[in-house]
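Reviewing the structure listed below.
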4 protein chains.
Amino acid sequence: MPKKSEAKRRRIKEVALRVFAEKGFAKARISEIARQAGVADGTIYLYYKSKDDLLIRIFEEEMDGIIPQVRERVAKGRSAREKLSSFIDAHFEIVESRPDLATVLEIELRQSNTFVRNHLKQKFKEYLDIIAEIVLEGQQRGEIRPDISPSVAKQAVFGALDDISQNWLVLQPRKVKLSEFAPDVKKILLDGLCLHPAT
Amino acid sequence: MPKKSEAKRRRIKEVALRVFAEKGFAKARISEIARQAGVADGTIYLYYKSKDDLLIRIFEEEMDGIIPQVRERVAKGRSAREKLSSFIDAHFEIVESRPDLATVLEIELRQSNTFVRNHLKQKFKEYLDIIAEIVLEGQQRGEIRPDISPSVAKQAVFGALDDISQNWLVLQPRKVKLSEFAPDVKKILLDGLCLHPAT
Amino acid sequence: MPKKSEAKRRRIKEVALRVFAEKGFAKARISEIARQAGVADGTIYLYYKSKDDLLIRIFEEEMDGIIPQVRERVAKGRSAREKLSSFIDAHFEIVESRPDLATVLEIELRQSNTFVRNHLKQKFKEYLDIIAEIVLEGQQRGEIRPDISPSVAKQAVFGALDDISQNWLVLQPRKVKLSEFAPDVKKILLDGLCLHPAT
Amino acid sequence: MPKKSEAKRRRIKEVALRVFAEKGFAKARISEIARQAGVADGTIYLYYKSKDDLLIRIFEEEMDGIIPQVRERVAKGRSAREKLSSFIDAHFEIVESRPDLATVLEIELRQSNTFVRNHLKQKFKEYLDIIAEIVLEGQQRGEIRPDISPSVAKQAVFGALDDISQNWLVLQPRKVKLSEFAPDVKKILLDGLCLHPAT
DNA sequence: GATGAATGAGTTTTCATTCAT
DNA sequence: AATGAATGAAAACTCATTCAT
């Protein structure tokens, strides 16, 4: 594919991401994306099969950039604790630096039609599995409690991060940085809420 | 007897909940709800102002039933740990016994139009605040780590429960009971993932 | 028919006239008329066959009251000029004293569906014919120009009165009395606009 | 070539005018207009914002063609009498040659919803003011009776013309030409009905 | 490659009227 | 006579997608 086209594809992608974030996928108009990208409506269909395809491919391309980044960062941690801590930091930083992306992913991931959702979830699993891998490895190395399912841990950790991120995203006047929540989240997930261990 | 038929109102509500869960709010058709409820399309509008109103009122009525129930159950716990444990059990039991309701609430809460979402969120906050109250009281009684924001704890706990519930709901062949995840979730949230406390 | 029913019929008629004038026939709701009349929706249909019938019969009953009144008043005039003058005064006075009625008649007479309009026009012709009769008789008595068709005269006179009445009705703050226009209208219709007769 | 097809816009306008005249604005169906114009329903909305907009713009465009034409014709008259005479002729000729247009204007001008009516009335005032101007100028030149309000004269003249035009339009088998009424109308409005001036 | 005019499927809601009580 | 709950037909408008140029 010629370079010229690649630039256009990128412009469409960037505009689409912004419009999806602003209006939500359902209310976003192809004609609005075309207008802002400076192309004709029909041109979008030369680069993307459909509106659904546009969302799916934006998501996949972004995740393909993010996942290795997060993996690399997590790899630097010397213990499971450090790795989980890095994951939490990385997640919050991504949400903070790419709010449009985060808004689209976190919100559209749950709605959209089944077709789109299934595509998104598939790619998303790769991201979530980073957590599961850390937990499993930590258990093997005796750093993580062995009596917890890595799958449940994965969901619990991501659910917590996601809920906090989402609430932060909808708070219009973001006076507070999302990363400020990281310490508390780490305490809860890594060390638990309770002071006295269960008997 | 109240104005119009209370039984008919209930039948419409039950059918609507089922159809909303199956199709999603946006794709649910008033005509389909009417057909399944055995009434004319127009009859729905004698009981509910609009499709939006139908969703909002189903949600509010259900939450008004659920919140006191959960509160009562939580109140029986003698410690913050027991109360949180009860909340987790209660949440999973509700999702398990009312999957339609849970599907509608958890999914529509994030999408729908702004008008509907705002209504839903407002009522939903009452539910989430049960967690925040437990945490705050637990901190005052020296049972919960004092260095954690109740608000962050609330979001982390609910996020974890919600993510697990949602994943369970979309797993079509529900071979496993949701409540089986409760022990692991409690371990994580109450005692943490790590074996060795942070230095 | 018992007296009790007659009172109810009249109440329905009066309320309907007011609601038709306020909202227009199309936007008027049977349920609103019923509510204001203090009866059930269905009760209206014991007295009137349909919404159309309600309009038609209000119109006919009112015209049956008005036509003899105007005829009587016109009869007192000793010349065609006096009779036409009386007709103009009478018309303006009716519009002024019964604005609801005038609004409904003048506006709905032109719209509504064909069925209704035909009914209304039929009864309305009786009213307009008062003018034609004055003109014809005036011509026979040498008071009115013989070279004018009574039918054209009838339409011209009524059209002029009607247009002025209608404009007055839509002027919300009726600071000026409609009857103040009578002298000018009489000058125009009875004596003409021009100072120098056609050559 | 202008954006989209001007020919298509015109075809839609012409068809719409015909359908509005036949069915009335309220009963006219967009789908019927589209079918007769040989376009898809949605295409109408590429050219006109809404059904209301379609009516308003047809009206305004037609009046923008008619008003200068009538003004020009009236300007040729050397006296107020001649000018009024020309106005009457012009009005009847327009109604006769464009019965669809006249039907839509005369009927919808009075009904429609407030939004539409206000738009129509505004443009219509320009037309009526031609009469007022003739009268005012005639009064200044001593050709028209000075003791008559130009506004009342305007309403009386237009009301007369309008009522006659409308009656002619609803007479289905138009055996008689509308312009045949012009001489009588001129006699009445210009010279008055009465033979003996008021004392 | 690019355009943008054209397509046409799809659904909530209102309200006059009915009829069982 | 009166009620009022129930009925169900009916129509404007949007917007993703296509395809002739």
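The figures that follow rest on heavy atoms only: side chains count, while hydrogens, waters and symmetry mates do not. Below, chains carry the letters A, B, ... as their sequence lines are ordered, and counting in each starts from 1.
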### Query
C:K13: what forms a side-chain hydrogen bond (donor to acceptor under 3.5 Å, both in side chains) with it, not counting sequence neighbours?
C:E61
### Query
Rounding to a whole Å, what distance do you find between A:I44:CD1 and E:dG1:P?
15 Å
### Task
Mind listing the residues from residues 11-19 of chain A sitting with a heavy atom below 4.0 Å of DNA chain F? Number order is fine.
none
#### Entry: Under the side-chain hydrogen bond (donor to acceptor under 3.5 Å, both in side chains) test, residues paired with C:Y127 that sit two or more places apart
C:H91
### Message
Quick check for you: to the nearest 0.5 Å, what is the distance between B:I56 atom CD1 and B:K51 atom NZ?
### Response
12.5 Å
### Message
Can you tell me if D:Y48 touches the phosphate of F:dC13, counting only side-chain N or O atoms and a distance under 4.0 Å to OP1 or OP2?
### Response
no
### Task
Could you walk me through whether D:D64 and D:K123 pass the salt bridge (charged side-chain N to carboxylate O under 4.0 Å, His left out) test, one step at a time?
CA-CA 9 Å; D:D64 282 343; D:K123 184 58 92 178; 2.8 Å; yes
## Note on the structure
Checking E:dT7, F:dT7, E:dT3 against the side chain of A:V39 (C-beta onward), the nearest is E:dT3
### Task
Please collect all side chain to side chain donor-acceptor pair (under 3.5 Å) contacts where either partner lies in residues 15-26 of chain C, sequence neighbours excluded, each pair once.
C:R18-C:Q36
### Query
For DNA chain E, which consecutive runs of 3 or more Watson-Crick or G-U pairs (each distance under 3.5 Å) count as stems?
E:2-21 with F:2-21
### Message
How long is the straight-line distance from CZ of A:F25 back to CG of A:D52, given to the nearest 0.5 Å?
### Response
4.5 Å
### Task
Measure the spacing between CE of A:M63 and CG of A:L101 and express it to the nearest 0.5 Å.
8.0 Å
Identify each atom pair where a protein N or O and an N or O of nucleotides 15-17 of chain F are less than 3.5 Å apart, giving names and distance.
residue: F:dC15; atom: OP1; partner: A:R29; partner atom: NE; Å: 2.6
residue: F:dC15; atom: OP1; partner: A:R29; partner atom: NH2; Å: 2.2
residue: F:dC15; atom: O5'; partner: A:R29; partner atom: NE; Å: 3.2
residue: F:dA16; atom: OP1; partner: A:A28; partner atom: O; Å: 3.2
residue: F:dA16; atom: OP1; partner: A:R29; partner atom: NH1; Å: 3.2
residue: F:dA16; atom: OP1; partner: A:K51; partner atom: NZ; Å: 3.4
residue: F:dA16; atom: OP2; partner: A:I30; partner atom: N; Å: 3.1
residue: F:dT17; atom: OP2; partner: A:Y45; partner atom: OH; Å: 2.9
residue: F:dT17; atom: OP2; partner: A:K51; partner atom: N; Å: 2.9

### Task
Determine, stepwise, if the pair C:E14 / C:R11 fulfils salt bridge (charged side-chain N to carboxylate O under 4.0 Å, His left out).
CA-CA 5 Å; C:E14 281 163 3; C:R11 196 159 73 249; over 6 Å; no
